[in-house]
Enquirer: 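The structure under discussion is supplied below as structure tokens; questions concerning it will follow.
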Amino acid sequence: MGLPEIFFYYFAIMAVVTAGFAVTRPNPVYSVLFLVACFFHVAGLFVLLGAEFLAALQILVQAGALMVLYLFVVFLFNLSEAKTARIVHRQAGFAGIVSLILVALMVIFSVQGVFRGPFRELVRPQTTDNVSYVAGALFTDFLLPFELASLVLLVVLFGAIVLGKREEGE
Amino acid sequence: MIGLTHYLVLSAILFIIGVMGVLMRRNIIVILLSIELILTSVNLNLIAFSHFAHNPTGQVFVFFVLTIAAAEAALGLAILVTLYKNLESINVDDVNQLKG
């Protein structure tokens with residue numbers, strides 16, 4: 001087993017374990033912190049796949065900004081009763097069975113499916129570093145969606161301000 | 001040798017952990033966190049295909065998914081704060097005013 005395999009299995013097992021802890025902890029603070037660890041390990045997998053730019057983005061945006069936002073909101077709420085209360089929903093048994101069937105199907109199809117290698121007419125080999133590789137596609141073929149993404153962020157900014165605003169006379 | 005299948009299976013497992021979190025937990029914060037986990041597993045899938053197909057489009061899509069994830073988290077948390085102001089609770093089964 002070479003070095004890439006060791007790193008893959010380390011990152012994969014740690015990502016699954018921390019994701020499992022994140023979903024099962026009763027206290028949301030621990031959930032958020034375990035999810036930060038999970039995102040770091042997934043970023044490691046991104047590096048193994050040669051996507052360094054997105055690994056950095058994953059750590060900065062997902063693990064950094066978003067999870068801090070979640071932590072702020074968790075600290076806003078009074079969670080003293082949430083720790084003792086029942087943590088699973090009434091439909092949990094049925095939902096668990098359906099999810100297990102779904103994961104079994106997905107794993108079976110992933111293992112059985114045959115990847116016949118890249119389509120030759122779609123191949124664009126990475127000749128430079130990863131940032132210019134992604135930017136080359138982002139600023140030529142996907143320029144319009146890129147600009148629309150900024151519009152989406154602007155709309156979300158307004159939406160969050162309007163939702164969070166105090167009502168008149170409150 | 002780590003192939004595409006390894007990444008697909010790992011991504012499926014992460015996806016299902018997220019789906020189970022969405023369907024089984026009562027706490028809305030944990031449900032939103034599970035949605036983040038689902039989006040991350042999809043990102044892993046897209047990057048794996050991008051790597052093995054030698055095409056940058058998958059990575060560009062991950063960029064857009066990250067944008068939408070940030071938007072979804074910001075709006076979801078704003079709605080959650082409003083909900084908590086009105087209901088004093090963050091459990092999904094207390095949100096049943098639309099039942100009629």
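Just so it is clear, the values below take in all heavy atoms, side chains as well, and ignore hydrogens, waters and symmetry mates. Letters A, B, ... are given to chains in the order of the sequence lines, protein chains preceding strands, and every chain is numbered from 1.
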Enquirer: Roughly how far, to the nearest 0.5 Å, is CG of B:Leu75 from CG of A:Leu157?
Expert: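 If I round to the nearest 0.5 Å, the distance is 10.0 Å.
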Enquirer: Of the listed residues (B:Ile31, B:Val19, B:Val62), which shares the most heavy-atom pairs with chain A below a 4.5 Å separation?
Expert: B:Val62
Enquirer: If you compare all heavy atoms of A:Val152 against all heavy atoms of B:Ala71, which two are closest, and at what distance to 0.1 Å?
Expert: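 So the minimum-distance heavy-atom pair works out to CG1-CB, 4.5 Å.
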Enquirer: Look up atom CG in A:Leu49 and atom CG in B:Leu46, then write down how far apart they are to the nearest 0.5 Å.
Expert: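 These two atoms lie 11.5 Å from each other.
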Enquirer: Can you tell me how far the CZ atom of A:Phe34 sits from the CG atom of B:Leu37, to the nearest 0.5 Å?
Expert: 13.5 Å
Enquirer: Mind checking whether B:Ile29 and A:Ser31 have side chains closer than 4.5 Å, heavy atoms only?
Expert: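 SC-SC contact between B:Ile29 and A:Ser31 ruled out.
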Enquirer: With side chains defined as the heavy atoms from C-beta onward, is the minimum distance between B:Ile2 and A:Tyr9 less than 4.5 Å?
Expert: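 The answer is yes, as the side chains (C-beta and beyond) meet within the 4.5 Å cut-off.
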Enquirer: Is it the side chain or the backbone of A:Glu5 that comes within 4.5 Å of chain B heavy atoms, both, or neither?
Expert: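 Both parts, backbone and side chain.
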Enquirer: Just how far is it from atom NE2 of B:His6 to atom CG of A:Leu45, taken to the nearest 0.5 Å?
Expert: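 Atom-to-atom, B:His6:NE2 and A:Leu45:CG are 12.0 Å apart.
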Enquirer: So which heavy atom on A:Val156 is nearest to which on B:Ala74, and how close?
Expert: CG1-CB, 4.1 Å
Enquirer: Side-chain heavy atoms nearer than 4.5 Å, only ILVMFWY residues, links allowed to pass through others: does that put A:Val111 and A:Phe8 together?
Expert: yes
Enquirer: Give the member of A:Leu35, A:Leu100, A:Val107 that has the highest number of heavy-atom pairs under 4.5 Å with chain B.
Expert: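 Option with the top pair count is A:Leu35.
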Enquirer: Side chain, backbone, both or neither: which part of B:Ser34 has a non-hydrogen atom closer than 4.5 Å to chain A?
Expert: side chain
Enquirer: Can you tell me which portion of B:Leu4 sits under 4.5 Å from chain A's heavy atoms? Options are side chain, backbone, both or neither.
Expert: side chain
Enquirer: Non-hydrogen atoms of chain A under 4.5 Å away: do they reach the side chain of B:Leu39, the backbone, both or neither?
Expert: neither
Enquirer: Counting only heavy atoms not in B:Phe64 (residues, nucleotides, ligands), do more than 12 fall under 6.0 Å from its CZ?
Expert: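 Counting neighbours around CZ of B:Phe64, more than 12 heavy atoms of other residues, nucleotides or ligands fall under 6.0 Å, so yes.
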Enquirer: Please identify, among B:Ile68, B:Thr5, B:Val60, the residue contributing the most non-hydrogen atom pairs under 4.5 Å to chain A.
Expert: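 The residue among B:Ile68, B:Thr5, B:Val60 with the greatest pair count is B:Val60.
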Enquirer: Kindly assign one of parallel, tilted or perpendicular to the pair A:Phe53 and B:Phe63, based on the angle between their ring planes and the thresholds 30° and 60°.
Expert: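 Parallel.
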Enquirer: Under a 4.5 Å heavy-atom cut-off, does chain A meet the side chain of B:Phe52, its backbone, both or neither?
Expert: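 Contact with chain A: backbone and side chain both.
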Enquirer: Pick one of side chain, backbone, both or neither for A:Arg90, based on which atoms fall under 4.5 Å of a heavy atom in chain B.
Expert: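 For A:Arg90, the contact with chain B is made by the side chain alone.
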Enquirer: Tell me the closest heavy-atom pair linking B:Asn27 and A:Pro28, and the distance in Å.
Expert: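 The pair with the smallest heavy-atom distance is ND2-CG, 3.3 Å.
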Enquirer: Enumerate by number any residue of residues 139-148 of chain A whose heavy atoms lie under 4.5 Å from heavy atoms of chain B; in the absence of such residues, state 'none'.
Expert: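 If one takes a 4.5 Å heavy-atom cut-off, the residues of residues 139-148 of chain A near chain B are A:Phe142, A:Pro145, A:Phe146.
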Enquirer: Within this structure, what is the CD-CD1 distance for the pair A:Gln58 and B:Ile47, rounded to the nearest 0.5 Å?
Expert: 7.5 Å
Enquirer: Can you say whether B:Val30 sits under 4.5 Å from chain A via the side chain, the backbone, both, or neither, judging by heavy atoms?
Expert: side chain
Enquirer: Do B:Leu8 and A:Phe109 pass the side-chain contact (heavy atoms from CB on, under 4.5 Å) test, and can you show the C-alpha distance, the side-chain angles, and the key distance before you say yes or no?
Expert: CA-CA 10 Å; B:Leu8 291 187; A:Phe109 287 139; over 6 Å; no
Enquirer: Using a cut-off of under 4.5 Å for heavy-atom pairs, which of B:Val81, B:Leu44, B:Thr67, B:Ile13 has the most such pairs with chain A?
Expert: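 Of B:Val81, B:Leu44, B:Thr67, B:Ile13, B:Leu44 has the most heavy-atom pairs under 4.5 Å with chain A.
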Enquirer: What's the shortest heavy-atom distance between A:Leu66 and B:Ala73, and which atoms?
Expert: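 Closest pair (atom of A:Leu66, atom of B:Ala73, distance): CD2-CB, 3.4 Å.
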Enquirer: Linking I/L/V/M/F/W/Y whenever any side-chain heavy atoms sit under 4.5 Å apart, do A:Val47 and A:Tyr10 land together?
Expert: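 Different clusters: A:Val47 never reaches A:Tyr10 through Ile, Leu, Val, Met, Phe, Trp or Tyr contacts under 4.5 Å.
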Enquirer: Which region of A:Val32, side chain (C-beta onward) or backbone (N, CA, C, O), has a non-hydrogen atom less than 4.5 Å from a non-hydrogen atom of chain B, or is it both or neither?
Expert: both
Enquirer: Below 4.5 Å from any heavy atom of chain A, which atoms of B:Leu14 appear? Answer side chain, backbone, both or neither.
Expert: side chain
Enquirer: State yes or no: do A:Leu57 and A:Tyr70 share one hydrophobic cluster built from I, L, V, M, F, W and Y residues joined by side-chain heavy-atom distances below 4.5 Å, directly or via other members?
Expert: yes
Enquirer: Considering non-hydrogen atoms only, spot the tightest contact between A:Leu163 and B:Thr82 and give its length.
Expert: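 Residues A:Leu163 and B:Thr82, closest heavy atoms: O-OG1, 3.4 Å.
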Enquirer: In terms of heavy-atom pairs under 4.5 Å with chain A, which of B:His54, B:His51, B:Arg25 leads?
Expert: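 Maximum pair count with chain A is reached by B:Arg25.
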Enquirer: As a quick check of understanding, evaluate side-chain contact (heavy atoms from CB on, under 4.5 Å) for B:Leu10 and A:Phe11, giving each step before the final call.
Expert: CA-CA 10 Å; B:Leu10 172 65; A:Phe11 285 133; over 6 Å; no
Enquirer: Hey, which of B:Ser50, B:Ser41, B:Gly3, B:Ala78 has the most heavy atom pairs under 4.5 Å with chain A?
Expert: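 Of B:Ser50, B:Ser41, B:Gly3, B:Ala78, B:Ala78 has the most heavy-atom pairs under 4.5 Å with chain A.
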Enquirer: I need the residue from B:Val9, B:Leu33, B:Asn55 with the largest number of non-hydrogen atom pairs under 4.5 Å to chain A.
Expert: B:Leu33
Enquirer: Non-hydrogen atoms of chain B under 4.5 Å away: do they reach the side chain of A:Ser150, the backbone, both or neither?
Expert: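 For A:Ser150, there is no contact with chain B at all, as no heavy atom is under 4.5 Å.
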Enquirer: Nearest heavy-atom pair of B:Lys85 and A:Lys165: which atoms, and what distance?
Expert: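 Between these two residues, the closest heavy atoms are NZ-O, 4.5 Å.
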Enquirer: So, taking the atom named CG in A:Leu69 and the one named CG in B:Leu77, what distance separates them when rounded to the nearest 0.5 Å?
Expert: 5.0 Å
Enquirer: Tell me whether A:Tyr133 is reachable from A:Leu138 by hopping between hydrophobic residues (I, L, V, M, F, W, Y) whose side-chain heavy atoms are closer than 4.5 Å.
Expert: no
Enquirer: Which members of residues 91-98 of chain A, sorted by number, sit under 4.5 angstrom from chain B on a heavy-atom basis?
Expert: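 Answer by number: A:Gln91, A:Ala92, A:Ala95, A:Gly96.
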Enquirer: At a 4.5 Å cut-off on heavy atoms, which part of B:Leu80 comes close to chain A: side chain, backbone, both, or neither?
Expert: both
Enquirer: Under a 4.5 Å side-chain heavy-atom rule over Ile, Leu, Val, Met, Phe, Trp and Tyr, are B:Leu83 and A:Phe72 clustered together?
Expert: no
Enquirer: Would you sort out whether B:Gln59 and A:Asn130 count as a side-chain contact (heavy atoms from CB on, under 4.5 Å), showing the intermediate values?
Expert: CA-CA 10 Å; B:Gln59 301 191 23; A:Asn130 181 249; 3.2 Å; yes
